[in-house]
Amino acid sequence: MAKNKARTSSPRQESKKTMVNLKFDEMPAQWYNILPDLPEPLPPPRDPEGGPSRVQNLPNLMIGECLQQEFSTERWIDIPGGIMDLYVKAGRPRPLFRATNLEKRLDTPARLYYKSEFFSPTGSHKVNTALAQCWYAKQQGFARVTTETGAGQWGTALSYAAAVTGLKCTVFWVRSVYNWKKDRLSFMKLLGAEVYASPSPMTEVGKALYDKNPEHVGSLGIAISEGLEDSQKDPKATYCLGSVLNHVLMHQTIIGQETQKQFELFDDYPDIVISCLGGGSNFGGFALPFVGDVLKKGKKIKFIAAQSKVAPNLQGKYEYDFADYAEITPMLMMYTLGHKVDMEPIKADGLRYHGCSPIISLLRNKGYIDTVAYPGDEKYVFETAKLFMETEGWLPAPESAYSVCAAIEEAIKCKELGEKKTIAFNVSGHGFLDIHGYRSVLGLE
Ligand SMILES: *Cc1c(COP(=O)(O)O)cnc(C)c1O
């Protein structure tokens with residue numbers, strides 16, 4: 001190219017604007033609590049017939065501030081400055097990308113945008129609530145947090161949040177995943193956490209199952225019971241949950257609120273909002289601010305929750321069920337497959353949970369949310385994730401691959417129908433520590 005040939009336009013004018021981000025000053029300073037805006041009051045947690053009251057025991061299980069938030073009727077809740085600082089340290093705000101290469105490859109008239117929750121120190125959106133919970137736990141004088149983890153993302157997020165807020169962390173990790181995610185295990189240990197394969201001999205619930213079968217594959221429900229029991233035995237410890245509960249979804253609304261502002265900067269607005277759904281935290285965090293637009297501003301949006309056929313909890317029964325295997329938690333009104341159900345292992349283990357968050361369940365029951373479930377062998381889903389990689393270059397977490405897959409299906413529908421829809425999807429995490437999963441499913445040997 002001739003160096004001094006006169007340009008007719010500036011590089012900025014030539015750019016297609018494929019990314020938008022916010023400045024610190026533009027970062028949302030409040031979480032959005034959808035409870036007062038729901039079409040009907042959310043059915044409260046309930047006790048089963050007989051036995052001790054789980055509801056009355058909640059203050060012993062949960063961080064006080066989080067318990068208050070769980071039932072708050074305030075629409076907006078200030079994010080404390082200390083938590084804002086932690087969010088920034090963890091890479092917030094996170095960009096919204098336009099998937100121009102993927103659009104071209106699919107030859108679709110649809111416009112596709114994806115939120116980059118993979119820009120996370122531990123690899124997922126889960127740090128958004130982990131940081132809030134640890135900050136409040138520290139304020140309340142706790143020295144240790146306990147939890148369960150399935151895919152390992154939540155355990156890593158809580159280990160990280162505990163590290164940066166000066167707390168100890170104990171993680172009970174579903175054995176079927178613990179056994180193969182060696183890198184993630186080391187990651188948690190590097191962050192200073194104590195990690196046990198669950199069922200473990202460390203708790204009574206765990207020991208009963210462990211003694212019968214030391215190779216028991218475990219489940220999220222069992223691991224939750226172990227985390228709860230461990231925290232109950234230590235007055236300096238409190239339990240943290242990474243999904244399902246109202247306050248967890250509320251902490252995650254930072255994702256959707258940022259996305260709303262970023263869409264303004266793109267001068268666009270979504271017709272379809274998509275995310276993967278296990279317990280509902282990333283879907284809720286991404287979608288609920290937009291659901292608020294539908295409920296209050298008359299916007300029309302199609303919401304799609306992408307799931308696995310191994311755990312299609314949104315296609316289960318809408319009824320009261322326990323959140324954990326050992327029935328320590330109160331019963332929640334939710335779509336559930338039953339808290340004792342056995343589920344086949346999949347690589348997207350974060351989607352393998354028997355129940356869906358009560359908030360999302362109510363919205364689903366009222367017809368606001370659609371769902372799709374993909375085959376358990378995961379070939380189809382991971383192939384679409386590969387297409388996303390070959391075009392956009394980012395490696396999604398196995399769970400996020402379900403979101404990518406649903407977005408690609410909608411974009412193809414737009415092509416068939418000649419519709420120029422705007423599709424927003426959340427990429428809840430990266431898969432750098434899950435390449436083994438892709439390798440075994442796609443045969444990349
Ligand atoms: C945990 C996890 C999920 C599923 O959990 P939700 O609470 O439904 O969001 C999805 N994606 C990633 C990357 C996760 O770590």
Side-chain angles (χ1 to χ4, degrees), residues 14-21 91 94-120 123-125 151 153 181 183-184 259 262 266 268 270 272-276 282 286 304 306-308 346-351 372-445:
E14 289 163 13
S15 135
K16 284 209 196 74
K17 190 145 106 172
T18 56
M19 185 278 268
V20 150
N21 207 354
R94 298 189 179 143
L96 181 70
F97 289 94
R98 172 99 184 260
T100 45
N101 290 348
L102 180 60
E103 289 169 16
K104 207 184 268 170
R105 173 75 74 93
L106 296 172
D107 189 24
T108 174
R111 290 185 297 279
L112 280 89
Y113 297 85
Y114 56 97
K115 181 68 166 168
S116 58
E117 287 303 305
F118 49 77
F119 273 123
S120 157
S124 82
H125 70 288
Q153 290 271 23
K181 289 197 177 174
D183 289 341
R184 202 165 270 288
T259 308
Q262 289 163 329
F266 268 119
D268 206 342
I272 305 177
V273 166
I274 296 170
S275 205
C276 62
N282 91 87
F286 187 54
I304 305 173
Q307 302 208 285
S308 166
I346 49 172
K347 299 306 174 189
D349 275 282
L351 303 184
V372 59
Y374 296 116
D377 68 12
E378 299 183 292
K379 270 210 174 68
Y380 170 62
V381 172
F382 286 5
E383 285 293 351
T384 60
K386 186 159 179 286
L387 181 65
F388 180 72
M389 271 203 87
E390 288 173 0
T391 49
E392 294 298 314
W394 296 105
L395 170 64
E399 293 80 10
S400 317
Y402 287 68
S403 179
V404 170
C405 186
I408 288 178
E409 285 192 342
E410 289 303 311
I412 292 171
K413 273 185 216 160
C414 283
K415 182 182 175 182
E416 287 164 1
L417 301 171
E419 291 178 334
K420 290 188 181 172
K421 289 198 171 144
T422 295
I423 301 171
F425 61 107
N426 186 36
V427 183
S428 50
H430 70 59
F432 291 137
L433 296 176
D434 307 306
I435 289 183
H436 173 110
Y438 283 106
R439 179 158 61 234
S440 64
V441 171
L442 295 180
L444 304 174
E445 231 72 49

Next on the checklist: Strictly by salt bridge (Lys or Arg N to Asp or Glu O under 4.0 Å), give each pair with a member in residues 423-438 just once, sequence neighbours left out.
Outcome noted: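 Residue pairs with at least one partner in residues 423-438: K181-D434.
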Is a side-chain donor or acceptor of [X] paired with a backbone partner of [Y] at a separation under 3.5 angstrom?
| X | Y | answer |
| --- | --- | --- |
| T422 | R111 | no |
| S403 | F425 | no |
| Q153 | G350 | no |
| T108 | A411 | yes |
| T391 | N101 | no |
| E378 | A348 | yes |
| E103 | L112 | yes |

Would a 4.5 Å heavy-atom cut-off, applied to side chains only, mark [X] and [Y] as touching?
| X | Y | answer |
| --- | --- | --- |
| L102 | I408 | yes |
| L106 | L387 | yes |
| P109 | K415 | yes |
| K115 | H125 | no |

For [X] against [Y], the heavy-atom pair lying closest together:
| X | Y | result |
| --- | --- | --- |
| A406 | I274 | CB-CG2, 3.7 Å |
| C405 | Y380 | SG-CE2, 3.5 Å |
| C414 | I423 | SG-CD1, 4.4 Å |
| L395 | M389 | CD1-SD, 3.5 Å |
| S116 | P95 | OG-O, 2.7 Å |
| P398 | K347 | CB-O, 3.8 Å |

Specify whether [X] and [Y] have parallel, tilted or perpendicular ring planes, treating 30° as the upper limit for parallel and 60° as the lower limit for perpendicular.
| X | Y | value |
| --- | --- | --- |
| F382 | Y438 | tilted |
| Y402 | Y374 | tilted |
| F97 | W394 | tilted |

Next on the checklist: The test is salt bridge (Lys or Arg N to Asp or Glu O under 4.0 Å); show your working for K413 and E416 and say whether it passes.
Outcome noted: CA-CA 5 Å; K413 273 185 216 160; E416 287 164 1; over 6 Å; no
Item to check | S275 side chain to N282 side chain, donor-acceptor N/O pair below 3.5 angstrom | outcome: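 Short answer, yes.
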Checklist entry - With a 3.5 Å cut-off and no angle check, do the side chains of Y114 and E392 form a donor-acceptor pair? => result yes
Hey, could you give me the [atom1]/[atom2] distance between [X] and [Y], rounded to the nearest 0.5 Å?
| X | Y | atom1 | atom2 | result |
| --- | --- | --- | --- | --- |
| S308 | L351 | OG | CG | 7.0 Å |
| Y113 | M19 | OH | CE | 14.0 Å |
| I412 | L417 | CD1 | CG | 12.0 Å |
| E419 | E410 | CD | CD | 9.5 Å |
| S428 | F118 | OG | CZ | 10.5 Å |
| S120 | H430 | OG | NE2 | 6.5 Å |

Checklist entry - Residues in salt bridge (Lys or Arg N to Asp or Glu O under 4.0 Å) with E445, at least two apart? => result R439
Next on the checklist: Check this for me: does any side-chain nitrogen of one of R94 and E117 sit under 4.0 Å from a carboxylate oxygen of the other?
Outcome noted: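 Looking at R94 and E117, the cut-off is met.
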